[in-house]
Structure formats: structure tokens, C-alpha cells
Peer 1: 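Here it is: the structure, laid out below.
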Amino acid sequence: MMNLLLLFGEHPGWFFVVATLLPLLSFVLILLASALWCAGRAYRNTPGGAALFNLCGGEERGRTAAFVATGAIALAFVFSLVGCIRFSVQQHSFETAIKQHEKALHEFAQKLKEAKGEAKEELEAKAKSEKEKLEDQEKRWADARKTYWQGHFDWLRISPKGIADADSGTVLQLGFKIDSLSAIMFVMVTFIATLIHVFSIGYMSDELQPEVEDHQVHTAHGHLHRRGRFGRFFMYLSLFCFSMLNLVLADNLFQVFLSWELVGVCSYLLIGFYNERQSASNAANKAFITNRIGDAGFILGMLILWTHVGTFNMEELFQRVRAPLNDTHGAVEGVAGRIVRGNLDPNNTTKAGQRFTIANDGSDVLLFPHRPPEHYHAIVPRVAENPKPDQHGSMPYWMLVAAGLGIFLGCVGKSAQFPLQVWLPDAMEGPTPVSALIHAATMVAAGVYLVGRCYPLFTYDALLVIAYTGGITLFVAATIAVVMTDIKKVLAYSTVSQLGYMMLALGVGGWVAGLFHLVTHAFFKALLFLGSGSVIHGCHHEQEMTKMGGLFPKMKITALTMLAGVLAISGIPLFTGWYSKDAILAQAFGFIYVHPQHLLLFLLPLATAGITAFYMSRMWLMTFTGKPRDEHVHEHAHESPWPMTVPLIVLGICSVGIAWGWPLWDAEASFLEANVHHAQYPAVLADFGHIDYSLSEHHGEYWVAAKDEAQNERVFAYRNHHLAGNIAFVLVAIGIVFAGAIYWKRVLDPAEAKEQFPRLHAFLMDKWRFDRLYSAVFVRPCLIVGHWFAAFDLRAIDGVIHAVARSAMWVSKWDGLFDHHIIDGVVNLVGNTIYGVGARLRSVQTGFLRSYVLFLVLAAAGIFLALAYFVRMAMAG
Amino acid sequence: MDTLNDILFYVLMATTCICALAVVLTQNIVRAAAWLLFTLAGVSGLFFLLGAEFVGSTQLLVYVGGTLVLVVFGVMLTAQGPFVNMRIGAAEWAIALAVGLVLYGVLSASLIISKPPQSDLNRHVDATMPDSSVLGASLLGQGQASPTGFLTGMPPAMRRERKPMAYLLPFEIVSVHLLVVLIGAAYLARAKRRRAV
Amino acid sequence: MTFAVGLNHFLLLGAFLFVCGAVCMATKRNAIGILMGVELVLNAATINFVAYAHYNPIFQVEGQVFALFVIVLAAAEAAIALAIVLNFYNNHTTVDVDTAEELKG
Amino acid sequence: MSENDMLWMSAVVFIPAVFALLLIFVPRGKEDIMRWLSLAGTGLTLGVSIGAFILFYSNVIDFNRGNDPEARQRMSLEFRQLEYDGGGVSAPTNSGDWISNYPWIDRFNIKYYLGADGISMPLVLLTTLLSFLAMIASWKIDKFVRGYCMLFLLLETGMLGTFLALDFFLFYIFWELMLLPMYFLIGVWGGPRREYAAIKFFLYTLLGSVFILIALLAFYFTDVRDFAGPRTKAEAVAAAKSEGRTVAENQVEIHSFDLVVLQRIGKAALQKLNDQPVTTSFAAIQAKENLDKLKRDKKATAEDVHNAEAKYQAALDDSGLKKRLEQAFFQPWFQYTMFLFLLVGFAIKVPVFPFHTWLPDAHVEAPTPISMILAGVLLKMGGYGIIRIAYPICPWAGQQLAYIVALFGVINIVYGAFAAMAQSDFKKLVAYSSVSHMGYVLLGIAVWSSPEHAQYWSWGMNGAMFQMIAHGITSAGMFFLVGVIYDRAHHRRLDNFRGLYEPMPLYGGISAIIFFAAMGLPGMCGFVGEFMVVLSTWNYNRLFAVLAALTVVITAAYILWTIQRVFMGENPQYKNYSDVSVREIVCILPLLILSVALGVLPGYLLLNWMEPSVTGLVDTLARFTP
């Protein structure tokens, strides 16, 4: 016990590791117990079997499993919270100290300008000691991060002799690295997952019965009856949580990929939870296969990095791809934190490598060494073929772009971005808590998280692709959401749309804004999904909004909490969504200010903000207000039990206030955002705003206003935050009013609108016809090719073989005929003759010894005669 | 001396031939055995006459003393049942005799016609037959025991000098063979135990 | 030792004994009688061997050696033949070879 | 060379054969005794192989020293063979080197030569384990039980011998030995089209064997005297003397089936054809060793070093060696032809497109346990042959034609996956998935790199080896699972199943795990090998890597579709099926555990001790690549 405490004391990163492993433990426990339970059930009548059966939970195993899983994730939440607090405290203390030293230095520098003589020397000495202290603090902080918050071990190691750098491309590691982003993600994921677990205990309680009737599956004998699967649901949830936490924990791309696939398979299992339903199993397959397309891209991205950079460790990757910020002489000017492009000069080759000329449109990228040289400026980059740890390397620029896009393709799959967004709405076939978990906190967030994590690997071109992908996605999804009538599908499309916002933010340099939105969105989207779950549960598994309406009096808690969610997602001031969404819009605004040709990247999210407000209000109004559309549903509707409402209330509170800071009304003052800010890579600032090591008062960042303000997106974003927010708010207000007019006050008739634009409506209802397109372009051709190949085997290859066999048979047949008639003919002839002679001679075989002797004597006489004759002839001859 | 040898030869030849004919012609098997005894004795006499003392004495010892005793034993062992008629028909007699005469005719005619190179052989008749020590040496594997010379009775083209030969191995084989045969005979002839039915 | 009787005399004697033996085999129904015929035939051969040994000096040794072998083989043959005869007698209570006709075609 | 090793390895190979003999004495009608006896035989073999492995592990690689250079070196057969041959690489050790070399047919210099290293050992373990499990799975076979068990045990001997033989001739004998029992096992105990399948299998494999036989004979006619050590030379002199010829030691011609010696001349051919000095002759190795020792030795004078250098140079420039390097073996046409012969011979076994059509038929018709063995072990022999024989003996052609091998690997991957998607027979689908998965093996082997990038090829080779083991586990598991459901439903049509999760939850869970493992899900064994191979491929050819990576989508598609068609949905017809029995659980449990354990800890369980051998092979081949 003491050792354990010591472990956490010395390696607080283990808080997070334990938090990750707890759900895995719960998964393994439940899995083993269910397997033994299944095995024991058959032998329940024997004492041993009964003991096994009862040991593994007996008839109550479902409930036990739920408690184990919930307990594990709750404990994981506690661990992550403690870890997060410890991390923040440590980070805060170090950074405060660093800031103080910097401030002092700054002051000394100011004073130095004026001072003269002895005072100057004294000041210089003071500044020197201050600088040493600063460096010492920075070093200690770096060491603390390394020893306390990082760790890894070799999972696989291959050690060939020939290569110069023994670590390049030889080892796959598993490890963890905590920064403020992952710490926040940890808390967010475990918190929401805990609430979802609690919610599920209520929502899935049907599954506790030994026999469940599935109303959506019709068999010849009425509805399907099957065993309840309460335990299995929680088992999947546990595995899901483990995978997601492992993904957040990972310090290298390989581990991310491991979890990435595991997350995919969990979503597959959960979406296909009602596996008797054809639609559910189809949706599960679709989700997994679509994700696998993204994964294939991810693998390719990893391959490129592995081949050219030789490592998957993210920190090492960034260190090699991005130029260092400073060396012993101070800041590295001009290229600090950037991807350095240039050209290799094949005519200027020495033993150390080829000369690298830096150029903004060069075809190659300089890779920086593991061990940077001390005086960076003194080094003229020479690129070695197989670089040693202290040599530079290079890779083609387009390869780096491709690597980035490959990784991004993985994120596109996971985060359901255009063009792989099709799986997510179908995934609504899973139980509602699953939708909440997948869509809010975990799986779809993973893509955005990874783009944020790998930010330094993306080149400018790749980022532009990301931004446009996000822009298209958010618009497409929002338009579809407008016409959807299934309450969960509306939420699904809104999720896709919001994820598009995050991607767009990351693409235009709003790293903080995107990830900030990720966290806030997790809360209110979880709330909305759980709320919809509560509605569905209350309405006895009715999901169509066209059959709801007027539910407000019957389910007040659900309605009010959901209203909070709707307002948050619409971006009403002081709700969480407002802080993050405005930040995104501001960043987009800043971006188009610098790059006016990308105007679309601001217009799309702006318009979509209005559309979002419209369809979210529409959803809420259709569900809770007005007259009931279906009396039957309305009559039986009821408020959900406490395990479901409590999570709703908690999430509702979070949706309102999780992003608050002081002063409340300052959109830039969010406490959460400031915390996310700590994790921001210098690379972001290098790409979108120049790095300057003079001091800033703002958020403790390492930058101030750019030297060239005309080219600085961050500055414009900061300055125009309120402008962008205000424009958006106007649009949001229009959207809400419009929705109210149609669905609440019934000023306008939605059916009329439908009739006026039948084609548009059909187009939107058909989800922009993506499914049909993919079916025609990918799915069917794949099947056809498969059949071709199978037929090729049967016809062509086996045909050739059969033909060979037949011709061999043919030859052998002729051979056989020859044998039969010619060779055998002769042989048979001889045989027959002999047989005939023998048959005739049979009578000679008298059985009397004496006659044999006579024959012998005769024969002897004959032989003797013949011999005598021949011998004579011979003698004569 | 020559005449004596000739007379001896003709006497022995006559004895042998008559006794052999008697073996053929007699119907009593015991008598046949007796006639056979004389035949074999006559043959051994001829061997002595030819100077092959060892072969002659072996003939006496093995044949007369051994084989014939065996035959007599056989006769006695098998003659205890009531005598069945073992005569054969006259026709068969006739055929057998005819065939026998034919064979004899063929043999004697070929002998007379082919005329073994008598004169050639007679040149060497002076040489004495080797005594039994030479025989023994040959059987013990000394090849030099037998003299060299050209094979006779062959076409000229095929004549070549024969090499000294020894007979140790055949001798051994024969002795082992004899042993095996005796054991086999004992096995075959042993009293059968009737199986309980 | 020389005498006027030549090789041919011996060969004719051998031929006569051979024919006697053959006829003996052909005319006896008693198995032992047949055996005696065989002995006669073998003796005929022995005589030929010894005669050649006498008249052809290069066969001095071989003739006798082979004669010896024939004698030995004859003894062996007699022993085994008699054993067969006894066995036959045990089974058929007779030595009449005409009863042994299982091989009749 | 140690008697001890010889006994262990011979025991592993021949215990099944001994039990096959024992089966003769079981009285007729006692089928259960026969089954138990064969189970005891396979079980004993498994036990002995594990014991052998533990000894091997402790003797050859030393616990906890997987990365120690000395331990790594001892993992290479080449090194141990040099020791055995008196190469003076270091003091000759005579125990625990896991090489056992005894004269067998002196006239042709054929040896009873067994040896184990990190390449053969895992395959031996896989074979013994799968044989044991397949024997359990054979429990329900009622037809000619004695014959079945005897053939089965004989087959096991053949397989184990193939993996352990280091003499090409011995290898070939074992290779053929395993062919015949397989023919009968398919042809007698198989399904309705068993005769067709058996004959197809037999003819295909025999065709391959003929190619291998030709290559084997062609190699034998090469004079390898420069590459054999003093011990081999002394043996050759003694053999000549016993035939009445007297030859001096440096004049004796040596022809050998010794795989390690053949590998050495293969490397010499690689060097010669790449216009490099041939440093792999025995004299050169010895001189180099001596030189290195002197260089390390601080007491050695400069003169000594200089002399040693001159000696080394003389060994390189030896005129006799130069003359003998003009033999046919060192000519391009010979290398090309022999490599292609060997490749085709082994590719048929792998099986590689277009020689793969025997596989679906054989798998579909074979009884379940034989399918397990067929997919689990027999396919691995092709890969093993390529790694152990084709590549090291004809490395120059291997390097020149690596592109084609990799191309066929990719074709296998893509073709197998697509063809699998079109199948409606459960077993055929699994068979085609085997084709696809074995493509990764071929691809991993073929990604030849230069010495600077040896690590990528090394990943490929190791990945290929790992993939072989993983595929052995998962495909055997899948075939067993198909057999389980076939026992109940008596058909294998995918479209007629549906809804098996409900009546058979345990079966469903187990199947899901095994199928996901085959699909290459992280955390399961199928992932590691595939990932390693794909990692290495980008460095070799980008298009191949893209295709291999994209195929994971198709793989996922057909496996998920299968799961959907078999387990999901509902089907009242199968409502009363019983879940897996205890015997079936016993049979599948080891595979289940391994498929997860190998995925979670591939390094500790397998790669740490397999990798030095494989990487050593890569090192020696890549080193001479320009």
C-alpha cells in the first residue's frame, strides 16, 4: 500500500494510467465472468456448476456487471480528477514562477536601457542571475514533465546491425504523456462516461429481465423474444472507455492507432447491440468499415512518418519535423517552430550529406536531429542519407503533406467528416446511451483530438484541406438536420455539424478554440442525447418527433435540461457553447482577414450558426411544445426514474457553466479555455502568428503582437472576437425566431414549405445522396470484383488445371487403348495360346509320377539328340 | 596286367548291369533292395578299377553302408500294412521299356557317333590317378592340387587353359547342406502327434 | 595302370545304368522303388565323372571331387526322400505313388 | 554438437511416429484406446517440444539477454555451425548449441542434421500445439480410427522433421513424408468431393516438390570445399578413403546438402555477382576472426596485425577459390532458375496466386482437424521454405526478383480478400482469407532493403514470421469453429445461418474474438504481423503499401459480413442448438488465449527470442546488397 502511494507520489502520471486501466479491468472481469457464467449455466444442476454459476453473478449477473463497470469508471473519474488537479497545480506553480522571472527580466531590460555605469553592471549581474533562475525553473519544469508525467516501455524492438541510428525505425513503444489537454480530456471523458453509465442503469433496465421482447423485430411468431443483455452492454461500455482513455493517454501514434481501432470495434459492438435487427447489424458494419477506410489512411500516414522520420513518438516526431525554438544562443529566428522547406543540392554532396538550401517553395522538408547541435546558427544544414542522431535528414514535402492527410483521413473516418460522415446517422441504431457516449465524449471526439494532438505534423496545405473539410461537413450536416424528424438523427447530424466546426477551427489555426469547443460540446451533446434518451424511454421507444409534442408538462426535468443544451449548442451568450463557438468564428474571421480568397471558411460556419439554432429549436419545440400529435404516445409518456434524471441535471448544470470564467460576460475569459491554452503547441503560433520571445501579459503565452500585423491571424481573431460573435448572434436569433414562428406559434406551415421545395426536401431527406453514391461507386463494385475473382478461380485457373488434367486423361486414354489393344493384345494372344495349349495339355498331367518320369526321359533323349547335333555342328565348324 | 584289368572290368560291368536290370524287373521291393546293393557294390568295384580308391571306398561306405541301410529301413517301416497290389499293367511296361530303349539307343548312338578323341586321351592314360591326399588338398582349398592343361572336347576357338581350382567352398556348402537335410528329414519323419478332435 | 578298355565302355555302362534307373522310376508304384531308380541314375553319373577323371588328366581331381559330391548329395536326397515317404505313409497308410494325385490336372 | 540436443530434437520429431507404430498393437474395436493413445502421443510431443524450447531458450539466448550481442549471435545457425565445424570463431563448445549433425549416407554426404533457431522453434511449437488440439478435435471421427490416427501421427512427424531438418535431403524426405498422409486424410475422411480435392492437393504439391527436387540436385553438384570447415573436410577425406581413393585434404571435392553451407555459398554468389570480394569462404571468415581478435587485443603488435591483414587478403584472393567461383552455381542464370524453382515449389504450398486453387478445395473437403493442420501448419512450410532455403541459398536472384515476389504477395492479399467476399461457403471463405493473410507473409519476406535501411526489411521478415504464427493460430481456430457449427447444422452455407448469438452465446463470443484476431484488430495476434509487414512495405514500394493498407477495409468487410450472416439476426430453426461442449472449449481455449496474448505481448512471448535469428538473417543478406 505504501509502495502504491509512493508510486503515485513519485509518478503522478500513474493516476491517469490507472484511470485508463480500470475500465479494462472491469471489461476483463465481466468478460471472464460471463464466459464462465455461460459455461456454468449448462451444468447448473451439479454442485460445481452451481457454484461457478453463482460465483459469476448467478441470476443477478447483469446488475453486478453494471455496478462493476460503473464503479470502475467512477473510480477512474476520481483518479483522473486527482491527477488533473495535481497536474494543474504543478503546472501553475512552475508557470507562475517562470512568469515572474520573465517579468523581472523584462523590467531589468527596460531599466538597462536607461541605466549607466556601475548601476548598469549591477543590473546586468542581477539580470544574469535572474536569467539563470529562469532557465533553472524552465529546466525543472521540463524535467518534471519528463519524470512525473511521462513514461513508456518497448513493446517491440528489432535490432538490426547496419543502421546508424539505433532508435530510428527499430522500436514500437507504449507510453503515456500528460499535458493539460489530455488531463482535461481525461476528466471530461470519465465524468461523462460515469454519468452515462448511471443513466444506462435506468435506461437499459429492460435488459435485466430474463426474457426481453424486441418490438422492432418481427418473426413468424410475433415479436422476437430473447435473453436480456444487461451485463454485455456494460462490458462493451467498459472496453469503450478503456480504448478512449488509452487514446488520450498515448504519447505515440502507434498506441493511438491501437486504441483507434479498439474504439472502432467497440462502436461496432455497441451499435450492433440489438443484433437481431437487420438495420442495427448493417449500421454496425457500416460504421466499422467506414472507419476502417479512415484507418487505412491513418496507417498510410504512419507509414510515411515511420519511413522518413523513423519514430512514432509524437514528441520526437514534432522535434524532428519542426524547427527548434531556441539554442544556446537564444531564439532561432525566422524558422523557429516551423516546418522548414527547401531544396537539396545534388551537386554539393560531402561526406556529411547534401547541402540543403532553405526556400519557401522547396520540394523537401528538413528533418531536425534527435540531438540538436548547441549552436544552431553555426550549422549549415547538410542532409545525410541515413542520419545519425545528431545529423539532419530530409523528406519530400509532398510526403509530409500526404502523411498529414493520411492521419487526417483517419480522423475524418472517426469524426464522421465529409466524405465519410455517412456512418454516424445510421449509428443511431445503437441504444441511446451509446449514442451519447460515441457522439458526445469519445469516439467522434477522438478524431478532433488527434488532429489537435498531431498539429505540428500538418503542413499549411494539409491544414487548408482540414479547414475546408470541416466547412463542408458542418454545412452539409446542418442542412440535413433541418429536415430530419427522428429525434436522434437530428442530434446525430448536429453532432456531425459541430465536429465540422472543430475541424474548421483547427484548420484555420484556432487550435485552442477547436479543442475548447470539443470539451464544451461533449457536455451539451451528451446532455442532449441523454435527454432524447429520456424522451424515448418516456415515450416507450418512440423516436419520431412527428408523434411527439406537448410533452413539457409530463417531463419537466427532461425538457428543461434539454433546453439548456439547445441554448448551449445554439450559442446563446453565457451558455458554454457561446464561449467556444464564438472563439471558432473569431478565428475563422481572422483567417479570412489575412487570406480573403478563403472567404467561404467564414461564411459557411456563420450561416450554419443560424441553421443550427433553427433546427435545434425546431427539435425542442416539436418535442415539448404545442399540441400532442399522437395521443397514444402522449398518454403513456412519463418522466424517467432518478438514475436518468440525475445525470441530466448534472449535465445541464455543466452545459450552462462549465466554460465560465471571470468576468462572466467576457467571451475570452473562460477558465477552461485558459487551461486548454497551456497545452497549445508553439507550432500553432509559428504557423498563425510569429513567435517572439519578448514578453506578453496575455495568458502567459510566448508571443505578442506580430512584427508584421498584416499577416497575423491570431491578432485579427483577438481583435474581432466580438464582431464575429455579434454577427453570429444575430443569425442565431433569426434562426430561433424562425423556428418559434413555425413550430410554436404556427405562423408558418412547415408542410407548405415542403411542398414548395419538393426536390430540395427529397435531396436533403436522402442525405445529399451520399449513401446511394457510395453504394454505386464502392460497395457494389467491390462485390462484383469479388465475384469476378471467385469466378476467375473457378473458371480460369481451375479451368486451365482441369484442361491440363483432361488432356492428360486424353493422352492416357490413348495410351491405355494402345496398351489395351496392341501391347495387351500381344500379351493376351500369347497368354491365350498358352492357355489353350495348357488346356489341351491338361490331360497330360495325369498325376501319376511314373508318367512324368517317362516324359522326363523322353525329354532327356530329345535334348540329348539336339545337343549332340549342335555339338557336332560346332565341332565341325 | 592289362588283360586282368580288362577281365575285371567286364566282370564288374556284367555284375552291375545284371543287378541293375534285376532292380528294375523285380516286383518285390525287398529283393530290389538286395539287387541294388550289388549294383552299387559293382560300381564301387569299377571305381577301384579306375584307380579312384577314395571315391570307391566312399561309395561303399556311404551308399552301401548308409543309404542302402536307410532304404531298407524305409522298406521295413512302410511294409507293415497289408500288401496292396502294386503291379502295373503290361502296356505301361511296354511303354516304359520302349522309352528306355529309345533313350539308350540315343545315348549309345551319340557316344559312338561323336567318337570322343580316344587317341588323344590315351596318351595320358599312363598318368596315375592322384591319391586321396591330393583330393584332400583340393577340398581344403589348395588350387595347385589339380594340374593345368587345355580343356578338351571343345571347339578350337574356345580352347583355353584352365586355371588351378580348389573346392573348399563347395565342400563346405555340401556339408552344411547335408546337415540341414538331415535335420529336415528328422523333422519330416518324426512321429506325428494326432490332434485331439 | 592301363588297360584296353576305353572311356567309351564306361560311358556305355553309365548310359545303361541311367536307362535302368529311369525305367525303374517309370515302372515302380512303390515310392521306395522309385527312390532306388534315382540311386541308379545318380550312380550312372558318378561313373561318368570317375571315368573322365581317369581318362582326362586335367580332370583328375575334379572328376573325383564331383563324384564325391554326387555321393553326398545322393545320401542327402535319400534321407529326405525317405522322410517324405514316411510322412506320406503316415498320411495315406500306403507308399503307392498313384494315390498321390492331388496335383492332377 | 551435443547428444542431448540430438535426443531432444529427435524425440520431438519421432515420438509421433513411435506412437503411430504402437497403434498397430491396439486390438481391433478398441477405438477409444486408439484415440487416447494418439492423444497421448501428440500430448507427449507437445510436452517434449516445450521442454526442448525451454532448454533452447536458456541455452541459446540466455534469459533476460535478448538484446545482448553475444546472445543474438548465438541465435544464428551460421555461427553455431561454424563452431561445430571447428571454425575457431571462438572455443568450440559442444553442448547446448542446438545443432546435431551425424553422418547418415556417407556416399552422398547426406547427414542426419537437425537444428533449431528462432525461425524454426516457434513453428515447431505451433505444430505440436496444433497437432494436439487437432487430435482433440478428431474425437468424433469414427471411420477407420486406427488408420486415421496413424496417418495423423505420421503427418506430425513429417511436419516437425521439415521444420527441424538442416540437411536439404533430409528436409526433402520429411517434406514428402508429410504429403502422403495428407492425401489419404483428405481423400478418405473428407467431404463429398474428397477424391477430387485430395488429388488436386496431391498433384499441386507434387509439382512443387519436383521443382524443389531439381534445385536440390542442382545444388549438390556444386563443389563447396572453400566453404566447409576442417571437420567437414576431414569427414570427406575419410569417406573417400573408405572407398579406396586417397585424396589430400585440400584437394578433396565436397558436395553437400548442408543447408547452412549452401547458405554460405549463396552469400558468396551474392557477393560475387554484385562485384564484391567474396568474404564468406571459410578461410576468409577464419582470417577475419583472427584479425578482429588481434585488433581488439592491446598486446598485439602492428606487425602481427599487418600479417593477419595480409592473411585475410590472401584468403580473399585465393586463386583456387576464384576458379571455383566460376562454377555454374555462381552464374546468374543458375541463380535465377534455381530461385524460381524453389520459389514455385514453396509458393504452391503457401499458396501463392495462381497456384492457390488447391487450397479452397482441400480445406472445404478435409475434415475439421485436418483443415486446422492444413491451414495452421502446412501453409507455413511454404513460408518457412522461402525464408530458410529459397532466399538464403539464392540471395542474388532473390534480391533481383524481390519485386516479383512482393508483387505476388500483394496480389495474394488483394485477390484473396476479394475472393473471400464472394464466397457463400463458410469454409471456403476462411480458406480464401488464408490466401489473403499468407500474402502478407510473402510481402514481408520480399521487401529487400539496402544495409542502411535494413531495419525496414527486418520488420518485414519478423512480421512475416509473426504473421505465420498468428495465422496458424487464428486460421486453425476459425476452421475449428466452422467445424463446431457444421457438427450441429450439417451445412456450411453462410446464407442459411443467422442468429447464432442467441442460442450459443459462448460460441458467439469465442468466434467473435477469433475472427477479430484474424481481421487484424489491435490487441490480437493478427494485427502485429500485418502491421509490421505494412510498416516495412512503404520503404520498399509505395503502391504495394497502399494496396496492402487498403485491403484492411476489404478484410473488415468480409469478416464483419460473415459475422453478420452467421451470428446476427434471428432464426428460430437453430433455437435449440447446444452451446460449445467442454471438449470443444478445451480445444479452442489455448488458441483463444494465444490469439489475445500474442497480440498484447508480442515482444515478450515471441519476438524477443525469434527476432535475433530473423534479424540476423536479414543482416547477413542486406549487408552484401549494394
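Chain A is the first sequence line, chain B the second, and so forth, proteins listed ahead of strands; every chain is numbered from 1.
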Peer 1: Mind telling me whether D:Phe516 and A:Tyr268 have parallel, tilted or perpendicular rings, with 30° and 60° as the class edges?
Peer 2: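 Perpendicular: the ring planes of A:Tyr268 and D:Phe516 meet at over 60°.
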Peer 1: Measure D:Trp561 against the heavy atoms of chain A and call it side chain, backbone, both or neither at under 4.5 Å.
Peer 2: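 Interface part for D:Trp561: both.
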Peer 1: Which bit of D:Leu535 is near chain A, if near means a heavy-atom gap under 4.5 Å: side chain, backbone, both or neither?
Peer 2: both
Peer 1: For chain D, find which of A:Leu31, A:Ile784, A:Thr170, A:Asn285 contributes the most heavy-atom pairs closer than 4.5 angstrom.
Peer 2: A:Asn285
Peer 1: Between D:Phe355 and chain A, which part of the residue has a heavy atom less than 4.5 Å away: side chain, backbone, both or neither?
Peer 2: neither
Peer 1: Which bit of D:Ile199 is near chain A, if near means a heavy-atom gap under 4.5 Å: side chain, backbone, both or neither?
Peer 2: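 No part of it gets close to chain A.
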Peer 1: Check whether any side-chain heavy atom of A:Leu783 sits under 4.5 Å from a side-chain heavy atom of D:Met421, and report yes or no.
Peer 2: yes
Peer 1: Does anything in residues 547-554 of chain D get under 4.5 Å of chain A by heavy atoms, and if so which residues?
Peer 2: D:Ala549, D:Leu550, D:Val552, D:Val553, D:Ile554
Peer 1: So D:Phe418 and A:Phe789, would you call those rings parallel, tilted or perpendicular, with 30° and 60° as cut-offs?
Peer 2: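 Perpendicular: the ring planes of D:Phe418 and A:Phe789 meet at over 60°.
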Peer 1: So A:Trp306 and D:Trp459, would you call those rings parallel, tilted or perpendicular, with 30° and 60° as cut-offs?
Peer 2: perpendicular
Peer 1: Test side-chain hydrogen bond (donor to acceptor under 3.5 Å, both in side chains) on D:Thr357 and A:Asp798 and set out the steps.
Peer 2: CA-CA 7 Å; D:Thr357 56; A:Asp798 275 8; 2.9 Å; yes
Peer 1: Check whether D:Val580 gets within reach of chain A through its side chain, its backbone, both or neither, counting any heavy atom under 4.5 Å.
Peer 2: neither
Peer 1: Can you say whether D:Tyr196 sits under 4.5 Å from chain A via the side chain, the backbone, both, or neither, judging by heavy atoms?
Peer 2: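 Contact with chain A: side chain only.
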Peer 1: Relative to chain A, which segment of D:Tyr456 carries a heavy atom at a distance below 4.5 Å: side chain, backbone, both, or neither?
Peer 2: side chain
Peer 1: Less than 4.5 Å to any heavy atom of chain A: does that hold for the side chain of D:Phe353, its backbone, both, or neither?
Peer 2: side chain
Peer 1: Let me know if D:Asn539 has heavy atoms under 4.5 Å from chain A in its side chain, its backbone, both or neither.
Peer 2: both
Peer 1: Between D:Met519 and chain A, which part of the residue has a heavy atom less than 4.5 Å away: side chain, backbone, both or neither?
Peer 2: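 When you check distances to chain A, atoms from both the backbone and side chain of D:Met519 fall under 4.5 Å.
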Peer 1: A:Asn275 and D:Gln564: side-chain donor and acceptor closer than 3.5 Å?
Peer 2: no
Peer 1: Among A:Ile289, A:Ile293, A:Val800, A:Ile797, single out the residue with the greatest number of heavy-atom pairs under 4.5 Å to chain D.
Peer 2: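 It is A:Ile797.
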